[in-house]
Amino acid sequence: MRESRPTMSSTRSWMPGVVALCATAAALTGCIATPPSPTSLPSLPSLPKSDEPVSLNPADFTTEIDNPYWPMVPGTRWTYVEHDPDGGDVTVEVTVTTATKTIANGVEARVLRDTVTRDGELLEDTFDWYAQDAAGTIWYLGEDTAEFEGGEIVSREGSFEAGVDGALPGIALPADPRPGMSYRQEFFAGEAEDNGAVLSVDELVEVPYGQFDGALLTRDTNALEPDVAELKFYAPGVGLALTLDVSGGNGREELISVTTVPEGTGTGPLGSPD
């Protein structure tokens, strides 16, 4: 799962019972509270972590993904601008394609196309595979990714498929997110070991695309890079609106538009996004 890059204009205090003495911006970068332990909260479901095995029944899954925090309607395209003080702004386009893929573990997944460009030059191109279970949880089942320089593929690092070479599926978003939930997002030993935790479901977030209340806030980490952490804000009915780097930098990615693209968009080979 590509680490997202979106800006945060405003947010509420996002840890109930925690007294925050920092200003909003400082709180997000230097005063991040540890989410409550799942054992301190009642009835939190058990979600897979690290390399814990999980058995998925393909009959329990659908490619019609309607989780309210990230509805994936084919033809939807989210466009983001990633502000990176070290490398300039880049554009990120995430498209829900009409294509599906049967994963090695037997689950049929929806294919999303994720492309990163700078000044029109392709930097990264990825097929991501998602499916939703009967409860409404979105599962992440792998990716086929490529990095580009001068129009040529220079790396395929990070590619994996659940059920191949020990790779395991993970949770993209829980069905009923509550503070204290933690879960793996993906696991392919040494290649893809991202994790997520729910911090709040009552955020106010503002980005160029609009202002949204009742947003879901997660904290994403990477076991392979322990110092890396991001906050992600998911707006109800919209999807990912904002990502903020809280690892000591100030990189951010913000949603600037949501559009509908023609059928078949994003289904070309890697390197040819449209």
Checklist entry - Is there a chain of hydrophobic side chains (I, L, V, M, F, W, Y, each step under 4.5 Å between heavy atoms) that links Val261 to Met72? => result no
Checklist entry - Looking at Pro58 and Gly106, what are the two nearest heavy atoms and their distance? => result CB-O, 3.3 Å
Checklist entry - Hey, quick one: are Leu168 and Tyr130 part of the same hydrophobic cluster, counting side-chain heavy atoms closer than 4.5 Å, chains of contacts allowed? => result no
Checklist entry - Say you draw a straight line from OG of Ser257 to OH of Tyr80; how long is it, rounded to the nearest 0.5 Å? => result 9.5 Å
Checklist entry - Is the closest side-chain heavy-atom distance between Ser182 and Leu47 below 4.5 Å? => result no
Checklist entry - Is it true that Asp128 and Arg113 make a salt bridge, defined as a side-chain N closer than 4.0 Å to a carboxylate O? => result no
Next on the checklist: As a quick check of understanding, evaluate side chain to side chain donor-acceptor pair (under 3.5 Å) for Asp220 and Thr218, giving each step before the final call.
Outcome noted: CA-CA 6 Å; Asp220 291 4; Thr218 68; 3.3 Å; yes
Item to check | Heavy-atom neighbours of Asn57 CG exceed 12 at 6.0 Å | outcome: yes
Item to check | CD/Glu191: more than 12 non-hydrogen atoms of other groups inside 6.0 Å | outcome: yes
Item to check | For the student: nearest non-hydrogen atoms of Val81 and Ile256, plus distance | outcome: CG2-CD1, 3.7 Å
Checklist entry - Taking the side chain as C-beta and beyond, is there a heavy-atom pair between Thr137 and Ile171 under 4.5 Å? => result yes
Checklist entry - To the nearest 0.5 Å, how far apart are CG in Leu122 and CD in Glu152? => result 11.5 Å
Checklist entry - To the nearest 0.5 Å, how far apart are CG in Leu112 and OG1 in Thr76? => result 9.0 Å
Next on the checklist: In the structure I gave you, are the side-chain heavy atoms of Ile65 and Val73 within less than 4.5 Å of one another anywhere?
Outcome noted: no
Checklist entry - Salt-bridged, Arg110 to Glu64, with N to O below 4.0 Å? => result yes
Checklist outcome for this item: On a heavy-atom basis, the closest approach of Gly190 and Glu193 is N-OE2, 2.8 Å
Checklist entry - Mind checking whether Phe127 and Leu270 have side chains closer than 4.5 Å, heavy atoms only? => result yes
Next on the checklist: Just verifying a value: how many Å separate Leu216 CG and Ser200 OG, rounded to the nearest 0.5 Å?
Outcome noted: 8.0 Å
Checklist entry - Is the closest side-chain heavy-atom distance between Thr221 and Gln185 below 4.5 Å? => result no
Checklist entry - Under the side-chain contact (heavy atoms from CB on, under 4.5 Å) criterion, do Arg77 and Glu93 qualify, and how do the steps go? => result CA-CA 7 Å; Arg77 171 174 285 176; Glu93 292 183 332; 3.6 Å; yes
Item to check | Verdict with supporting geometry, Trp139 and Asp133, side-chain contact (heavy atoms from CB on, under 4.5 Å) | outcome: CA-CA 7 Å; Trp139 288 76; Asp133 68 18; 3.0 Å; yes
Checklist entry - So do Glu143 and Phe160 actually touch side chain to side chain, heavy atoms under 4.5 Å? => result yes
Checklist entry - So which of Leu242, Val246, Asp245 actually passes side chain to side chain contact (heavy atoms under 4.5 Å, CB included) with Leu231? => result Val246
Next on the checklist: For a side-chain contact (heavy atoms from CB on, under 4.5 Å) check, start with the C-alpha distance between Leu56 and Val54, then their side-chain angles and the critical distance, and finish with the verdict.
Outcome noted: CA-CA 6 Å; Leu56 304 183; Val54 63; 3.8 Å; yes
Item to check | Separation between CG of Leu204 and CG of Leu217, rounded to the nearest 0.5 Å | outcome: 12.0 Å
Next on the checklist: Restricting to non-hydrogen atoms, name the atom on Ala109 and the atom on Trp129 that form the minimum distance, rounded to 0.1 Å.
Outcome noted: CB-CB, 3.8 Å
Checklist entry - Does the side chain of Asp66 pick up a donor-acceptor pair with the side chain of Gln132 at under 3.5 Å? => result yes
Checklist entry - Is there side-chain contact between Tyr69 and Pro177, with heavy atoms separated by less than 4.5 Å? => result yes
Item to check | Criterion side chain to side chain donor-acceptor pair (under 3.5 Å) on Glu108 and Thr63, from CA distance to verdict | outcome: CA-CA 7 Å; Glu108 185 179 10; Thr63 59; 5.1 Å; no
Item to check | Shortest non-hydrogen separation from Gly264 to Thr98 and the atoms involved | outcome: N-OG1, 3.8 Å
Next on the checklist: For the OG1 atom of Thr145 and the CD1 atom of Ile153, what is their distance to the nearest 0.5 Å?
Outcome noted: 9.5 Å
Checklist entry - What are the two closest non-hydrogen atoms of Ala175 and Gly136, and how far apart are they? => result CB-C, 3.5 Å
Item to check | Side-chain touch Asp144/Thr126, heavy atoms, less than 4.5 angstrom | outcome: no
Checklist entry - Between Leu240 and Lys232, is a side-chain contact (heavy atoms from CB on, under 4.5 Å) present by the stated rule, with each step listed? => result CA-CA 7 Å; Leu240 182 63; Lys232 293 184 179 179; 3.8 Å; yes
Checklist entry - Any chance the rings of Tyr209 and Trp78 have centres within less than 6.0 Å? => result no
